[in-house]
Every structure is written in structure tokens, then in C-alpha cells.
2 protein chains.
Amino acid sequence: MPMEPNDLLAVLEDRGHRLTGPRRRVAAAIATKAESFTAEEVCGELPGVGRATVYRTIRLLVDSEVICKLALPGGEPRYTPARATYHHHHAVCLRCGAVEEFRDSTVERVVKAAGSDLTGQIVAHRIEFYVLCRSCMAGDAVEGKQ
Amino acid sequence: MPMEPNDLLAVLEDRGHRLTGPRRRVAAAIATKAESFTAEEVCGELPGVGRATVYRTIRLLVDSEVICKLALPGGEPRYTPARATYHHHHAVCLRCGAVEEFRDSTVERVVKAAGSDLTGQIVAHRIEFYVLCRSCMAGDAVEGKQ
DNA sequence: TCCTTGACGATACTTTGTCTCAGTAATACT
DNA sequence: AGTATTACTGAGACAAAGTATCGTCAAGGA
């Protein structure tokens, strides 16, 4: 269930950025992504739009928290549309890149609890789960373990 | 309280790697680091050792889990000696780079709890806290908020 | 419509590594 | 100890993911 390009553009406009042709095209490209994507993928799909513009627009969208930047263990950064507007975390399938958002109230409680054990004050945190999603597990079962 | 270079070297030897001069020097440089450091810092301190060798040695040490790679929000990767040999997480001071290791059994329980809510199977996770450490907070208090 | 200023594309540069390759040296073997 | 193997090394090219620069252009308010 892809998101609307207008959702992305509205956020940019709200933050006082101009709605330009290239930004509309980047937003449209991102909006088609059901799951995670890389910046270079978007560049590849929009040959008429400069690389710098694609990266600039992605950065604006990350700053606006409409898309999230994921840090996979392999090091490759991927982006994913944020379906939830509230604080949340991600479970990323290491095989297919599917992203599941989650928010567990217990997690946040634990963050607070762990914080009280630490010296210093927590200003941010990152929690990411790396998973093998259901359909990838099913695929493995069919073709046998490699 | 810096660690012993020999601790690092012993791990390499245990894993069947050779104890070479450059590796000893990289281990010695890392061992002096009380807190986190970057790969380029090590390169700068060891002009006689090739950059590739520094990175190769760091990678070996990360693979051996004697040092840990941190992913700060800014994107800059830092490394930190692992004081604990068991599974743990890190709280990194965003100002001075001080690293505090922590392991809260509650955290691990939550990981399991969150996992049961997710479709798919968790294969790994990353939990990092970004903090302002006590001495940096004290420094701020003295010089006033900027 | 005009004007200001943010945004654009092209391209050079930066950061953080990794790869290649010929030469070197740490271990194993005898 | 001497030799053989082969992992390791340094230099430098290459790669991925961005960022900075700069002259040009156009979005959107007056």
C-alpha cells in the first residue's frame, strides 16, 4: 500500500520549501515504493533529475520524518516511508528489504528504565531488528536450505 | 582504563591470524583509547602503517568482537573497545564520544517480547542510546547553555 | 509581471572503506 | 637452523554514499 506523493509534498510545503518539478518527481518515485529503497534506486528511475537533487530531497524528507533512514548491518543505508507519524522502530528483512514498523510500549518503558541506570541523559536512541520475514522464510523452506 | 594490546593480539592469534608488526602497532594504538575512536585517527597515529592494513586489522577485531562498531546518528562510524565479552549495547555521548556499555536483562526480555509481535524471525538487533554524559552536562552547566 | 531567493544540474570533492598486486615476512616443516 | 608456504603488507586505484560549489533557472510573493 504505497503512500500518496502529496503527503510527502505537503510536508515540504509546510516546512516552507518550494514545490518544484524535480521534487514532485522524487516524491512520486518514493511514493510508489511499498518497502525500503536506496537513494541510487531513485536516481536510476529519474534520469532527468540530478543526483544532488535526489539526495537533497531525500534529506529534507528524512529531516521532516516522513521517511526514515535505516542502518543495515551490512552498512548499506536504505530509506523507508514512515507510515506512522509517531515515534517508532523498524524490523527490516535482511533478504528482501521488507520493513515492518513497530511500537511497543514496553520498549519505550525499557528505554526509560535503562536510562535511569546510565550516567548522563539520553537524547536519542535507535532500535532496529533485523529479521527474516515470513515470505522469505517460506521461500527458504520450499527451495531447501542453501 | 585502557585495555591491554595483548588481549587484542591474543584474540587474533586464537583465530589463526599471524601476529605481525603492523598488527601489534594497531593493537597498541587501539589499546590506548579509553573511549571511542575512528579508523582515520588510528591511521593518523601510525604513519608507518598502511591505511588498508589499519582497516583490515580493525575489521578483524570487529569480527572477533573485541571491538564494536558504533553507528552514530550523524553517520560517522566510531569504534570502541569491548570491555564485556557478553552481548551488550552502547550508550554514546554525542559530544565527547565517551561510551558506556550496558546490558539490561529487561532489554533482552523486551527484544524477545517485541519479536513475538513481529511477523518473521529476528536474526539480529541493534540498540544504541545517544546521550549527553555527566561530565559534558557539567561542562554545559558551567559555561551556560549555548 | 517582476524580483528575490531558493532550487537546479553538473561535477568535483569527501569519507569510509575495499580491492589489486607485487613484494615481504611469519609460521610450519624438515 | 634453513627453507617453503602463504598470509600479510603498503601503495594506490576503486567504490559507495553523500556533500559542496557554482552558474543558471524558476517558484511564488509583491
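To find a chain, count down the sequence lines: A is the first, B the second, and so on, and within it residues start at 1.
Side-chain contact annotation: A:R134 with B:T119, donor-acceptor N/O pair under 3.5 Å absent. Side chains of B:Y55 and B:E40: a donor on one and an acceptor on the other come within 3.5 Å.
When the C1' atom of D:dC8 is taken as reference, atom CG of B:L9 falls 15 Å away, rounded to whole Å.
Between the side chain of A:R56 and the base of C:dG6, no donor-acceptor pair under 3.5 Å is found. A:R51 contributes no side-chain N or O that forms a donor-acceptor pair with the base of C:dG9 under 3.5 Å.
Residue B:G48 is classed as a sugar-phosphate contact, given heavy-atom separations below 4.0 Å to backbone atoms only.
The pair A:E35-A:R78 does not meet the salt-bridge criterion, since no charged nitrogen lies less than 4.0 angstrom from a carboxylate oxygen.
Within the helix from C:dT1-D:dA30 to C:dT30-D:dA1, the inter-axis angle between the opening and closing five-pair segments is 40°, rounded to 10°.
Note on A:Y55: every side-chain N or O is 4.0 Å or more away from OP1 and OP2 of C:dT14.
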Report the C-alpha distance between B:K33 and B:E41 in whole Å, list the side-chain angles of each, state the deciding distance to 0.1 Å, and finish with yes or no for salt bridge (Lys or Arg N to Asp or Glu O under 4.0 Å). CA-CA 10 Å; B:K33 310 286 182 189; B:E41 267 170 47; 3.7 Å; yes
Verdict with supporting geometry, B:H125 and B:H87, side-chain hydrogen bond (donor to acceptor under 3.5 Å, both in side chains): CA-CA 11 Å; B:H125 64 269; B:H87 176 72; 3.1 Å; yes
Under 3.5 Å, which N/O atoms of the protein pair with N/O atoms of nucleotides 28-30 of chain D?
unit_1 : atom_1 : unit_2 : atom_2 : d
D:dG28 : OP1    : A:L19  : N      : 2.9

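You'll find that the side chain of B:A52 is closest to C:dC19, out of C:dC19, D:dG18, C:dG9. Comparing D:dG10, D:dA17, C:dG17 by their closest approach to the side chain of A:E76 singles out D:dA17.
With B:S64 as reference, B:R15 is the one residue of B:R15, B:R59, B:H17 to meet the side-chain hydrogen bond (donor to acceptor under 3.5 Å, both in side chains) rule.
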